[in-house]
Amino acid sequence: METVYVTYEEDVAVVTLNREDKRNAVSRQMTMELRQITEEIKANEQVKALVLTSRGERAFCSGGDLKELHGDLSEEEAYTVLSPMKELLYEIATLPVPTLAYLNGEARGGGCELATACDIRIGKEGSRFGFVQGKLGIVPGWGGGALLYERISPVQAFHWLTASEVIDAEEAKQLGWLQGLANELDLGIFTNRSKEQLRFWKKQLMENIDTSVLYRKMEEETRQSAALWPSEAHKKAVNAFFSRKNQ
Ligand SMILES: CC[C@H](C(=O)O)C(=O)SCCNC(=O)CCNC(=O)[C@H](O)C(C)(C)COP(=O)(O)OP(=O)(O)OC[C@H]1O[C@@H](n2cnc3c(N)ncnc32)[C@H](O)[C@@H]1OP(=O)(O)O
């Protein structure tokens with residue numbers, strides 16, 4: 001079964017994560033499929049925007065698949081597994097069309113990173129979000145912390161990354177990470193505008209971001225995450241997650 005699929009609504013590409021039973025955790029297969037879809041969208045001149053969301057009501061994305069990204073990986077193995085999603089997040093962040101993440105449920109770790117790669121984020125009321133990597137003994141593995149500094153104030157980004165707290169949708173909106181709250185996905189922001197308008201506004205937005213500096217910061221963050229991967233704190237946190245139901 002495909003772990004992610006794309007549908008097109010009036011030239012808006014709607015990309016849906018499809019691993020609800022695992023809270024849309026990003027596996028290697030999902031990474032590959034997301035990459036293929038992103039390349040397809042990038043090459044299609046007719047596409048006017050990308051919307052990222054997921055199936056189900058429970059979670060938008062619970063981050064990297066902790067079964068695949070287990071604690072026994074060496075630093076180099078961890079980097080090899082983390083880097084493709086960092087490359088994908090950079091691709092999404094620099095697409096020539098506007099991108100929106102509709103967070104229709106919980107997001108943790110890499111799920112918050114993936115949403116942060118989009119230009120704007122709309123959250124479902126009642127959902128909670130957390131850059132929890134600090135509590136896992138690592139730093140964001142896909143460059144999502146570097147992206148967070150582009151989306152909210154540096155001091156707020158620094159605080160969220162170091163506190164590693166799970167926050168509610170209202171607080172995420174006050175931070176400026178969410179641009180709105182909605183109980184269902186509304187494509188009107190894009191379907192009611194022309195391709196020319198949307199692509200111009202994205203071009204204007206990108207003029208505020210030095211993409212070569214952004215890429216360097218994302219690469220540095222992934223390298224740091226990989227360096228921390230074999231740490232005892234990380235191994236303990238991953239084991240605790242999978243043994244939580246036996247407690
Ligand atoms: C690659 C590193 C990356 C980064 O930092 O860049 C990361 O993202 S590290 C991973 C960080 N993510 C987490 O720590 C989140 C872990 N998941 C949760 O906190 C919860 O699952 C939550 C809040 C997302 C949803 O809670 P809920 O009670 O609704 O569901 P369950 O916890 O019972 O989970 C259902 C089912 O899904 C499996 N699951 C959930 N998240 C992951 C995951 N990240 N990797 C692998 N599997 C995951 C969970 O084990 C359950 O499976 P089951 O077989 O039914 O027991």
Side-chain angles (χ1 to χ4, degrees), residues 3 17-32 34 54-90 92-93 101 103-117 123-124 126-148 157 160-169 172 217-231 233-247:
T3 61
L17 306 182
N18 188 31
R19 276 192 93 203
E20 189 179 356
D21 60 328
K22 298 298 181 190
R23 300 301 181 264
N24 299 304
V26 179
S27 59
R28 293 186 192 186
Q29 183 187 342
M30 186 185 275
T31 302
M32 269 186 346
L34 272 171
S54 68
R55 283 279 297 275
E57 300 293 317
R58 299 290 294 269
F60 167 71
C61 175
S62 63
D65 185 315
L66 288 166
K67 276 218 163 61
E68 289 188 2
L69 289 157
H70 53 74
D72 297 336
L73 297 177
S74 68
E75 176 174 348
E76 270 318 299
E77 287 166 337
Y79 178 77
T80 303
V81 178
L82 292 170
S83 186
M85 275 303 286
K86 172 258 296 172
E87 296 294 328
L88 176 67
L89 266 59
Y90 178 77
I92 292 171
L103 294 101
N104 54 313
E106 303 296 295
R108 299 287 187 279
C112 290
E113 296 181 72
L114 182 55
T116 307
K124 184 170 183 184
S127 298
R128 293 164 52 79
F129 315 107
F131 277 88
V132 296
Q133 293 89 333
K135 291 185 174 171
L136 298 178
I138 54 176
V139 299
W142 300 339
L147 285 163
L148 187 62
W160 198 2
L161 291 167
T162 48
S164 310
E165 293 299 338
V166 176
I167 63 175
D168 64 26
K217 290 177 180 175
M218 292 176 74
E219 172 66 12
E220 187 181 35
E221 191 170 35
T222 298
R223 287 276 179 202
Q224 180 59 59
S225 189
L228 291 167
W229 208 265
S231 68
H234 182 236
K235 290 180 186 172
K236 196 169 159 211
V238 174
N239 292 337
F241 174 72
F242 285 112
S243 55
R244 76 198 183 291
K245 288 190 174 175
N246 307 328
Q247 287 158 2

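Atoms within a ligand are numbered from 1 in the order they appear, just like the ligands themselves.
Less than 4.0 angstrom separates some heavy atom of Glu113 from each of these atoms of ligand 1: 4 (C), 5 (O), 6 (O). Ligand 1 places these atoms under 4.0 Å from at least one heavy atom of Gly63: 8 (O). Taking a cut-off of under 4.0 Å to the non-hydrogen atoms of Leu82, the atoms of ligand 1 that pass are 1 (C). With ligand atoms numbered from 1 in the order given, ligand 1 contributes 1 (C) to contacts under 4.0 Å with heavy atoms of Leu69. Numbered from 1 in the order shown, with element, the atoms of ligand 1 that lie under 4.0 Å from a heavy atom of Gly109 read 8 (O).
You'll find the side chain of Trp229 reaches within 4.5 Å of the side chain of Leu69, heavy atoms only. Between Ile92 and Leu34 the shortest side-chain heavy-atom distance does not fall below 4.5 Å. Taking the side chain as every heavy atom from C-beta outward, Phe131 and Glu113 approach each other to under 4.5 Å. The shortest distance between side-chain heavy atoms of Glu20 and Glu57 does not fall below 4.5 Å. A 4.5 Å side-chain heavy-atom check between Arg19 and Met30 finds at least one atom pair inside the cut-off. Val139 is not listed as a side-chain neighbour of Leu161, based on a closest heavy-atom distance of 4.5 Å or more.
Considering backbone and side-chain atoms alike, Arg108 places every N or O at 3.5 Å or more from each N or O of ligand 1. In terms of polar-atom proximity, Leu66 is counted as a contact of ligand 1, with an N or O under 3.5 Å from an N or O of the ligand.
By the 4.0 Å heavy-atom criterion, Asp21 is counted among the residues contacting ligand 1. Using a 4.0 Å cutoff on heavy atoms, Trp229 counts as a contact of ligand 1.
One option in Gly141, Gly64, Gly105 has a heavy atom closer to atom 7 (C) of ligand 1 than any other, and that option is Gly64. Residue nearest to atom 53 (P) of ligand 1, selected from Lys22, Glu57, Glu68: Lys22 (by heavy-atom distance). Taking each of Ser62, Ser127, Ser27, Ser225 in turn, the one with a heavy atom nearest to atom 12 (N) of ligand 1 proves to be Ser62.
For Glu219, the side chain to side chain donor-acceptor pair (under 3.5 Å) criterion is met by Tyr79, Lys86, Arg223, not counting sequence neighbours. With sequence neighbours excluded, no residue forms a side chain to side chain donor-acceptor pair (under 3.5 Å) with Thr31.
At a heavy-atom cutoff of 4.0 Å, ligand 1 is contacted by the side chain of Gln133 but not by its backbone. Residue contacts with ligand 1, taken as heavy atom pairs separated by less than 4.0 Å, do not involve Ala59 at all.
For the pair Asn18 (side chain) and Arg55 (backbone), a donor-acceptor distance under 3.5 Å is absent.
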